[in-house]
Amino acid sequence: MKKFATLLLLTAFGASMYAQDVGIQLYSLRNQFKTDVPGTLKLINDWGITNLEGGGTYGLPMEEFQGLLTKNKLDVVSVGAGYEDLMNNVEKVVENAKAFDAKYVMCAWISHEGNNFDIAKTKEAVEVFNKAGKRLQEEGITLAYHAHGYEFRPYDGGTLFDYMAKNADHFAFEMDVYWVKHGGEDPLALLNRYPDKFVLLHLKDMQHGVKGNNTGHEDVETNVVLGTGQVDIAGVVKRAKELGVVKYMFIEDECSRVVEQVPQSLKFLKGL
C-alpha cells in the first residue's frame with residue numbers, strides 16, 4: 001500500500017512538471033473563444049495546461065479576463081505582436097506584454113505582398129526586429145520571430161532564414177515545427193544548426209502526404225495529433241530539452257478537431 005501511494009505521488013509530481021513544460025497557443029481555440037471564453041479557459045485547465053501564448057482578451061475587459069486566468073491557474077507567458085506595431089508602435093507592444101506580465105513577445109508574420117518575400121524584405125525585417133527587440137529587452141522581455149516557411153528560400157549559399165539568424169542581435173526565434181517542415185527544412189537539423197537561437201516552440205504535426213512549399217499557407221485541416229504526422233516531434237522535443245535554451249513549448253492545433261486532438265497530443269507528449 002505504501003509503495004502504491006508513493007507511485008501515485010511520483011505520478012502526480014511528474015504530471016505537474018509536465019504541465020509546466022507544455023503550454024498551448026490560444027489561437028488553437030479561436031472558434032471556441034467566440035462563444036464561451038470562461039468555458040474555454042476552464043477546458044485548458046481541465047487538460048492540465050498552465051502556460052499560454054496569447055495576447056488578447058476576446059472582447060472582455062482586461063481585469064475580467066485576468067480574473068478568469070487566475071481562477072483557472074493559467075499564465076500568459078508569451079503574447080503576439082503584429083509586424084506593423086513592432087515597426088511603428090513598439091510602446092503599444094510593450095504595454096500589452098506588461099499587462100499580461102509576459103516575458104516573451106512573438107511575431108508570426110512579416111508583412112509582404114503576395115509571394116514576394118526577398119532579401120530586401122528580410123533585411124528590413126531584421127532591422128525592425130533588432131530595434132524593437134532592443135526596446136523590449138529594456139523591459140526584460142524577449143522578442144521571438146516565428147518563421148512561416150517563406151524565409152527558407154535560397155539566398156547566398158543558404159537561406160533567407162540563415163541571414164536572419166546570423167544578424168539577430170536583439171531578438172530570438174520561435175520554431176513552429178510544422179511551418180519549418182512545410183517550408184522545406186528539417187526542424188531537428190535547424191535546431192542543431194542554431195542551438196542558441198530558439199527560445200520557444202510551436203508543436204504542430206503535419207498530415208502524411210502533404211507536400212510543403214514556401215508560401216506560408218496550407219489547409220489547417222492538415223494539422224494532426226502530435227506523433228501521427230510527418231514531423232519528428234519526439235526528436236525535436238528531446239533535443240530542445242537537452243539544449244536547455246527553449247523555455248516554453250506550445251501545442252498549436254488550428255484544425256476543426258482541436259478539442260478532440262489536444263488530449264491525444266498531450267498523451268503522446270507524456271509518453272515521451
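Numbers for residues simply follow the sequence, beginning at 1.
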What pairs with [X] under side chain to side chain contact (heavy atoms under 4.5 Å, CB included), at least two apart in sequence or on another chain?
| X | answer |
| --- | --- |
| Asp219 | Glu221, Thr222 |
| Ala240 | Leu191, Leu201, Val246, Met249 |
| Glu127 | none |
| Met206 | Tyr178, Lys181, His182, Val210, Gln230, Val231 |

Under 4.5 Å between side-chain heavy atoms, counting indirect links through other Ile/Leu/Val/Met/Phe/Trp/Tyr residues: same cluster for [X] and [Y] or not?
| X | Y | result |
| --- | --- | --- |
| Ile24 | Val22 | yes |
| Leu143 | Met175 | yes |
| Trp179 | Val258 | yes |
| Leu243 | Leu190 | yes |
| Leu41 | Tyr27 | no |

Got a donor-acceptor contact below 3.5 angstrom from the [X] side chain to the [Y] backbone?
| X | Y | answer |
| --- | --- | --- |
| Asp85 | Ala81 | no |
| Lys197 | Ala172 | no |
| Arg257 | Val225 | no |
| Gln264 | Glu260 | yes |
| Lys267 | Val262 | no |
| His112 | Lys121 | no |

(message) Atom CD of residue position Glu63 - does it have more than 12 heavy atoms of other residues, nucleotides or ligands inside 6.0 Å?
(response) no
For [X], side chain to side chain donor-acceptor pair (under 3.5 Å) partners two or more places apart:
| X | answer |
| --- | --- |
| Asp46 | Lys42 |
| Gln32 | none |
| Glu138 | Arg135 |
| Asp205 | none |

(request) Could you label the plane-to-plane angle of the Phe161 and Phe173 rings as parallel, tilted or perpendicular, counting under 30° as parallel and over 60° as perpendicular? (result) tilted
(message) Listing request: all side-chain hydrogen bond (donor to acceptor under 3.5 Å, both in side chains) pairs with a residue in residues 150-168, at least two apart in sequence or in separate chains.
(response) Asn115-Arg153, Tyr145-Tyr150, Tyr145-Glu151, Thr159-Asp162, Asp162-Arg193, Asp162-Tyr194
(message) By the side-chain hydrogen bond (donor to acceptor under 3.5 Å, both in side chains) test, which pairs, at least two apart or in different chains, include something from residues 99-108?
(response) none
(request) Go through the steps for Phe152 and Leu160 under the test side-chain contact (heavy atoms from CB on, under 4.5 Å), then give the verdict. (result) CA-CA 6 Å; Phe152 300 113; Leu160 295 172; over 6 Å; no
Value rounded to 0.5 Å, distance of [atom1] in [X] from [atom2] in [Y]:
| X | Y | atom1 | atom2 | answer |
| --- | --- | --- | --- | --- |
| Met106 | Phe250 | CE | CZ | 8.5 Å |
| Tyr248 | Ser78 | OH | OG | 9.5 Å |
| His148 | Glu218 | NE2 | CD | 11.0 Å |

Kindly list each side-chain donor-acceptor pair under 3.5 angstrom involving residues 65-76, sequence neighbours excluded, with atom names and distances?
from	atom 1	to	atom 2	distance (Å)
Gln66	NE2	Ala99	O	2.8
Thr70	OG1	Gln66	O	3.1
Asn72	ND2	Leu68	O	2.9

(message) Whether Lys92 and Glu95 form a salt bridge (side-chain N of Lys/Arg under 4.0 Å from carboxylate O of Asp/Glu) is what I want to check.
(response) no
(request) Return the set of residues passing salt bridge (charged side-chain N to carboxylate O under 4.0 Å, His left out) with Lys241 (not counting sequence neighbours), or none when no residue passes. (result) Asp21
(request) Report yes or no: is the cationic atom of Arg30 (NZ for Lys, CZ for Arg) closer than 6.0 Å to the six-membered ring centre of Phe33, at no more than 45° off its axis? (result) no
(request) Can you spot which of Lys204, Glu53, Glu174, Glu252 makes a side chain to side chain donor-acceptor pair (under 3.5 Å) with Gln25? (result) Glu53
(message) Could you tell me if the side chain of Asn45 sits less than 4.5 Å from the side chain of Ile49, heavy atoms only?
(response) no
(message) Any heavy-atom pair between the side chains of Leu269 and Leu203 that's under 4.5 Å?
(response) yes
(message) Do Asp176 and His146 pair up side chain to side chain, a donor and an acceptor below 3.5 Å, judged on atom types alone?
(response) yes
